[in-house]
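Both ligands and their constituent atoms are indexed starting at 1 by order of listing. Below, all heavy atoms of this structure are taken into account, side chains as well, without hydrogens, waters or symmetry copies. Computed from a prediction, not measured in an experiment: that's the story for all the values here.
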Amino acid sequence: MDNYNPAKMLEFSERGDERGNLVVVEGAIDVPFEIKRIFYIYGSDKDVIRGKHANRESEFVLVNVAGTSKIKVMDGKGNEKVYALTRPRTGIYLPKMVWKEMYDFSEDSVLLCLASTHYDGSEYIREYDEFVRIINGEAR
Ligand code: TYD
């Protein structure tokens with residue numbers, strides 16, 4: 001499907017002035033959920049692929065606050081889309097139950113992740129085959 005577009009790009013407000021830039025991200029205002037957790041990924045080599053999971057519960061917003069990376073989102077039915085994160089004021093909203101892979105990290109990449117949940121490893125689906133079975137209703 002050419003128009004598969006599971007994620008949503010978000011433009012955050014910029015409150016910079018002559019002293020420099022300031023980007024504000026408020027839970028349930030600038031992102032579509034209350035923020036329960038933040039984590040950030042940096043120091044990943046260019047050939048590393050991170051993520052490779054889907055989440056039953058968690059929604060995320062990802063922002064490259066420095067550097068750049070790419071994220072591939074897949075629906076488990078053969079559709080996929082690649083998004084590039086290239087600016088500190090642009091985020092990408094990822095709904096629950098999509099497969100995601102982060103890769104092509106620039107050397108200076110700092111990928112900030114905002115999550116709607118506290119960490120619970122049991123809501124992560126880490127096997128792609130299992131994700132496809134769940135999507136197709138063949139597993140729970
Ligand atoms: P992982 O989800 O594989 O990272 P990524 O999706 O960025 O590739 O997480 C790596 C490890 O860190 C794994 O053992 C789980 C742990 N972890 C937490 O304990 N809390 C968290 O919020 C996250 C995101 C990971």
Side-chain angles (χ1 to χ4, degrees):
M1 201 200 298
D2 282 345
N3 57 1
Y4 177 60
N5 189 16
K8 187 169 175 228
M9 302 305 287
L10 305 174
E11 291 297 315
F12 301 126
S13 47
E14 159 69 69
R15 286 153 201 263
D17 55 29
E18 65 286 352
R19 298 169 299 164
N21 301 313
L22 172 66
V23 174
V24 179
V25 183
E26 291 195 65
I29 297 174
D30 302 300
V31 298
F33 52 78
E34 293 286 359
I35 299 162
K36 292 258 184 70
R37 171 170 51 123
I38 71 166
F39 54 96
Y40 38 94
I41 295 167
Y42 60 97
S44 287
D45 285 341
K46 205 160 184 68
D47 56 355
V48 164
I49 304 176
R50 299 198 60 121
K52 293 189 178 178
H53 47 58
N55 292 76
R56 293 176 189 271
E57 297 298 335
S58 298
E59 300 162 72
F60 297 95
V61 168
L62 275 50
V63 189
N64 255 111
V65 292
T68 59
S69 68
K70 293 196 177 79
I71 174 157
K72 180 157 82 176
V73 184
M74 302 162 78
D75 70 354
K77 295 181 171 178
N79 298 306
E80 63 177 58
K81 183 163 171 109
V82 173
Y83 301 86
L85 287 171
T86 59
R87 297 197 303 155
R89 57 170 297 189
T90 303
I92 182 168
Y93 166 74
L94 301 170
K96 54 184 87 165
M97 284 306 280
V98 292
W99 188 265
K100 42 206 177 288
E101 301 182 356
M102 294 85 85
Y103 62 101
D104 210 9
F105 298 96
S106 64
E107 213 168 290
D108 59 347
S109 173
V110 181
L111 181 59
L112 176 68
C113 306
L114 313 174
S116 64
T117 59
H118 294 295
Y119 183 69
D120 172 7
S122 70
E123 63 104 12
Y124 280 68
I125 303 163
R126 292 186 177 273
E127 297 293 333
Y128 186 72
D129 290 350
E130 184 192 358
F131 172 65
V132 170
R133 285 198 300 276
I134 294 168
I135 287 293
N136 288 328
E138 296 159 6
R140 296 175 51 153

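Protein heavy atoms come within 4.0 Å of atom 18 (C) of ligand 1. Protein heavy atoms are found inside the 4.0 Å sphere centred on atom 3 (O) of ligand 1.
Under the 30°/60° scheme for interplanar angles, the aromatic rings of Phe60 and Phe39 are found to stand perpendicular. Classification of the Tyr40-Tyr42 ring pair by plane angle, with boundaries at 30° and 60°, yields parallel.
When only non-hydrogen protein atoms are considered, atom 1 (P) of ligand 1 lies nearest to Arg126 NH2, 3.7 Å. Closest to atom 14 (O) of ligand 1, if we only count protein heavy atoms, is Tyr119 OH, 4.9 Å. With hydrogens left out, the protein atom closest to atom 22 (O) of ligand 1 is Arg37 NH1, 2.6 Å, a heavy atom.
If you look at Tyr119 and Tyr124, their ring centroids are closer than 6.0 Å.
Within the listing of ligand 1, atoms 5 (P), 6 (O), 8 (O) sit less than 4.0 angstrom from a heavy atom of Gly51. The Arg50 neighbourhood of ligand 1 comprises atoms 4 (O), 5 (P), 7 (O), 8 (O), with distances under 4.0 Å to a heavy atom of that residue.
Contact of the Met9 side chain with the Tyr93 side chain is not registered, since no non-hydrogen atoms from C-beta on lie closer than 4.5 Å. Within the 4.5 Å cutoff, no side-chain heavy atoms of Asn79 are placed close to those of Met74.
Tracing side-chain contacts under 4.5 Å through hydrophobic residues (I, L, V, M, F, W, Y), one never reaches Leu62 starting from Phe33; they form parts of separate clusters.
Residue-to-ligand polar distances place His53 within reach of ligand 1: an N/O pair is separated by less than 3.5 Å.
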